[in-house]
Structure formats: C-alpha cells, structure tokens
2 protein chains.
Amino acid sequence: MRKYLKILQKCRLFSGIADDDVIKMLGCLGAKVESFDKKYTILPEGYPAKYIGIVLSGSVQVVQVDYYGNRSILSVMNRAEVFAEAFACAEVSSMPVAVIADEPCEVMLIDCGHILHICANNCGFHQQLIYNLMKDLAAKTIMFHQRIEITSKRTTREKLMTYLMLQAKKAESNSFEIPFDRQELADYLEVDRSGLSAEISKLRKEGIINNQKNHFELL
Amino acid sequence: MRKYLKILQKCRLFSGIADDDVIKMLGCLGAKVESFDKKYTILPEGYPAKYIGIVLSGSVQVVQVDYYGNRSILSVMNRAEVFAEAFACAEVSSMPVAVIADEPCEVMLIDCGHILHICANNCGFHQQLIYNLMKDLAAKTIMFHQRIEITSKRTTREKLMTYLMLQAKKAESNSFEIPFDRQELADYLEVDRSGLSAEISKLRKEGIINNQKNHFELL
DNA sequence: GAAAGTCTGTTGAATTTTCAACAAAAAGGA
DNA sequence: TCCTTTTTGTTGAAAATTCAACAGACTTTC
C-alpha cells in the first residue's frame, strides 16, 4: 500500500491524516487495489453499493444508461478523486449508476461498512475520515449544481458555451483541454452529437471559439 | 427552542441525539429561528454561504436564475429537511443558488462555522452532528442523481413521465399530489410551460394519466 | 360582489433538436 | 505501411421545443 501514499496524500478522503496512519487505516479498512482496462465496468448499475472508490491512476466515468440505451455522463473522476461514496454512505441497496474506466486505471476500493460503523480497533482517525467524507460529499453536491447550471440551458449552443466558460474558469486560462470526445461531451451536455459537432463548427466560423480536437480556446 | 423539538426529532441532522442534548446543542450552535412570507428570499444568490437551514414549517425552494432570467428549481425542501448545507460545509464564499419561501414558513438557521470547527465547549455531540451531515449530504447527492435521470430525457413527455413515475414510487401509490404548479413543474423539468401543459392534456386524452390541478394519477 | 390579477390550456409560427445516413479524417492493429 | 475501425463533421428531413398571444378558469383583494 505504501507505494500509493503519494497519490493518497492528495486525496480529500485522507486529508489531515499522517502517512503512517493512512497505511494503518487502509489495513484496518480492508482496502484493496484493482486494475482495469479502458471501458471496463468497474461497478455496474445494480451492483451492491458498498464500496467507496479512489482513483489511483487514470480516470473513471460515472454514467447512467436508460431503458432505451441513452447514456448520460454524470461526472469524470481523476487521480486522487473519490467515487461511489454517496451510494455507500447513504446505504442504498444497489448502485443507481455505473462506474466505468475512462482509460486504463488503478482503483482502490474500500468497503464502506468499515467506515460508517465504528471498527473494533476504534482507531482514532475514524472521526477524521467521517469529516473528510462530509467535506467530499459537500463538494460533490456543488459539482452537481454546476452540472445542472449547464444542462438547464435550453439550446446546444448555450449548454456548450456555459460548459466551456466553466472549464476556462477552472483552468484559469482561455485555452484548455476537455476530458471528453464528441460523443462523451454530448452525453455530458445531454444533447445530440451531430448537432453538437455542427454547433462547434458554427461557433468557430463566427470567431467565438477556436479548437482542434479536445483543445478549446475562448476568443 | 423546546417547542420545535417535535419537528427537530424528525430532522436527519439530529438523529441519534437525545432531546435534552439537542436543546443544549442549539444554544451552543447559536441557532436562530425566523419566519418568512410566501415568495420571500430567505438566502439570496451571492449571499455568504455560512448558514445551514432547517425547515420547521412550510417549505422552501432552492432555485437558480440565470443571466436571462430563466429559473431552474433545483429542489423543494419540506418540514424537517435541511437546506444550504452543501455550500456551508464546502466553505464556498457565496451561495451559487437562492433559497425562497415556497409558502409561509419558519426556518432555523445555524452558523455552520460552529459545526465544522470544534466548539469551545467541545460538546460530545459534535461528532454525531458531522456524521449526520455526512449522511444528509449523501442523500442529497442521490436526490440530484434522480433529478438528472429526469432532466436528461430529451422530450417533455419523457421528462414528465419519468418524474411522475418517481413521484408515484415515492408516494407508494399511483395517485399523488405534486408540490409544483405548472410553471414550477416546467422549471423543475427544464421545459417550456405551455408545451408542458399541452403534453399533460395529450397524455390525459390518450388515457395514460389522469389529473386535476396538482393531483395526478397513473393509469 | 365586482374588479384585478394569476394560473392554465390552446394554438400557430419560428426555431432548434433529433435522427439517419454518409464521407472524410484519425486512430489502432497486423 | 496497409487495412480496419472509430471518430468527427455535414446534411436534409422529421419531430419537438420554444415563444408569443390569448381566452377562460380560478384567486385574491377591496
């Protein structure tokens, strides 16, 4: 586990906990590490919702696929970020979404029961872990607010521009990469792919944006 | 404060805490109670995000209004439910949404700083409060997942039917009331009001639903 | 009880999205 | 490198949404 320390230090879940204690804690929590190929389903929809996941390398997508096969991408989680914690913490019986590998990745999985219900050893970092989970979930809620701000717009153009402006703000630059290909961006913005491609071309012709592939620039 | 105990017992924030301790805690946290008329803005967008709110009576709406005046209703919080906790817990500087009184209501406001940073008295319920907040935020996250499941649908009809089916499930009956008038329902589903009205009529003519005003029935 | 104001359903026109199909470009594999 | 597969951009037609306007029903106020 020690080789993952550098990443785990950056993870909100372990903030305020000393390295040695993190190691001890992982043993206590029964953490396990698994590797996945690109597009592999790490946690399928309907699966028991007991694991908290931490991205050690690569990135994962949280997706919802409806009855007709329409995909929504709810979020992308990168290195050192946590996923599936809401379902585990809320103790719902099964996952209402799936988590898939966005690229080849390593993931740490922790059975959340060990976190929610005080462990036999009663290790002193339990409280800090709960506090960190609370902060993490608050941040997630804000992330969803932002996503709703984007998808509540009525036209593809407005959704796209709202998204790009938020990305620029996040990157602190008018020039930035986005973590989606066209189909994925459409599934995140909840719009049609071909219409999205057309809108990107149009915005470029109008001199409002510039882009090549996943690199965008606001003019 | 004692007169609010009956409601506070039902509030997730105080679960697992004895009545007398809740009273003590409220003093320690500097909780205050305020009353608001219908449509009054309880917490405006841009306001410092330091208060956690608890609905004591009536209900409140969490709304987002964009540059052009388009309103999105993010959620409705009823008696004994908590609001604005995500922003306070994430310690963002200002509210990205507004909270308004859906009907005349009483609201308890607690400065979240007192919860996040251990109080001088170091009262023993602090940890339980953090735990409860974590559970509450996990439930909120799941609520947003559901809202996204609804609004990610592409047509007014699909959004409406997805919403109604979730409401029926929640009510455990095919016959139920919804907490929105037509404009509010449109602002929750992210669709046009007139188109929504038309779709409701259409579904009724097709014998798929029945409704009068806010009462709906799935056939 | 009358008047003013709000909410709802309806309609038609304009706008936008979705859908399907295809070709060009890019990426991946042998 | 060549071939196959995937991704992207384009297009036109069909479908759906939005917008504006209005009338009737319902509420609220005086």
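The chains referred to below are lettered A, B, ... by the order of the sequence lines, with proteins before strands, and numbering in each begins at 1.
Axis angle across the helix from C:dG1-D:dC30 to C:dA30-D:dT1, with five pairs used at each end and values rounded to 10°: 60°.
The ring-ring contact (aromatic ring centres under 6.0 Å, His included) test applied to B:Tyr40 returns B:Phe36, not counting sequence neighbours. Taking the ring-ring contact (aromatic ring centres under 6.0 Å, His included) definition, one finds that B:Phe180 meets it with B:Tyr188, sequence neighbours left out.
In this structure, A:Arg182 contributes its side chain and A:Lys213 its backbone to a donor-acceptor pair below 3.5 Å. Remark: side-chain polar atoms of B:Ser57 are paired, donor with acceptor, to backbone N or O of B:Glu106 under 3.5 angstrom. The closest donor-acceptor contact from the side chain of B:Lys140 to the backbone of B:Val82 lies under 3.5 Å. At distances below 3.5 Å, at least one donor-acceptor pair connects side-chain atoms of A:Asn132 with backbone N or O atoms of A:Ser15.
The nearest heavy atom of DNA chain C to A:Lys202 and to B:Ser194 marks one nucleotide each, and the one closer to the 5' end goes with B:Ser194.
Rounded to an integer number of Å, the gap from CG of A:Leu196 to P of C:dC19 is 14 Å. Between the CZ atom of A:Arg154 and the P atom of C:dA14 there is a distance of 22 Å, given to the nearest Å. Rounded to whole Å, the distance from NZ on A:Lys159 to C1' on D:dT18 is 13 Å. Note: CD1 (B:Ile209) to P (C:dG9) measures 10 Å, nearest angstrom. The CG atom of A:Asn211 sits 11 Å away from the C1' atom of D:dT8 (whole-angstrom rounding). Whole-Å rounding puts the B:Asp192 CG to C:dG9 P distance at 13 Å. The distance from atom CD of A:Glu158 to atom C1' of D:dT17 is 13 Å, rounded to the nearest whole Å. Residue A:Asn214 contributes atom CG, which lies 11 Å from atom C1' of D:dT7 at whole-angstrom precision.
Ion pairing between A:Glu91 and B:Lys135 holds under the 4.0 Å rule for side-chain N and carboxylate O.
Remark: A:Asp181, A:Arg182, A:Gln183 in residues 175-183 of chain A come within less than 4.0 Å of DNA chain D through at least one heavy atom.
Smallest separation of non-hydrogen atoms from B:Ile52 and B:Cys112: CD1-SG, 3.7 Å. Scanning both residues, A:Met108 and A:Leu26, for their nearest heavy atoms gives SD-CD2, 3.8 Å.
Taking the six-membered ring where tryptophan is involved, the planes of A:His145 and B:Phe87 are perpendicular, since the angle between them exceeds 60° and thus also 30°.
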Next item on the list: If a protein heavy atom is under 4.0 Å from the base, mark B; if only from the sugar-phosphate, S; if neither, -; do that for nucleotides 22-30 of chain C going 5' to 3'.
Entry: ----SS---
Per-pair distances, 0.1 Å, donor-acceptor, side chain in residues 162-169 of chain B, under 3.5 Å, sequence neighbours excluded:
unit_1, atom_1, unit_2, atom_2, d
B:Thr162, OG1, B:Glu158, O, 2.6

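Among the atoms of the strands shown, base atoms are found under 4.0 Å from some heavy atom of A:Ser197.
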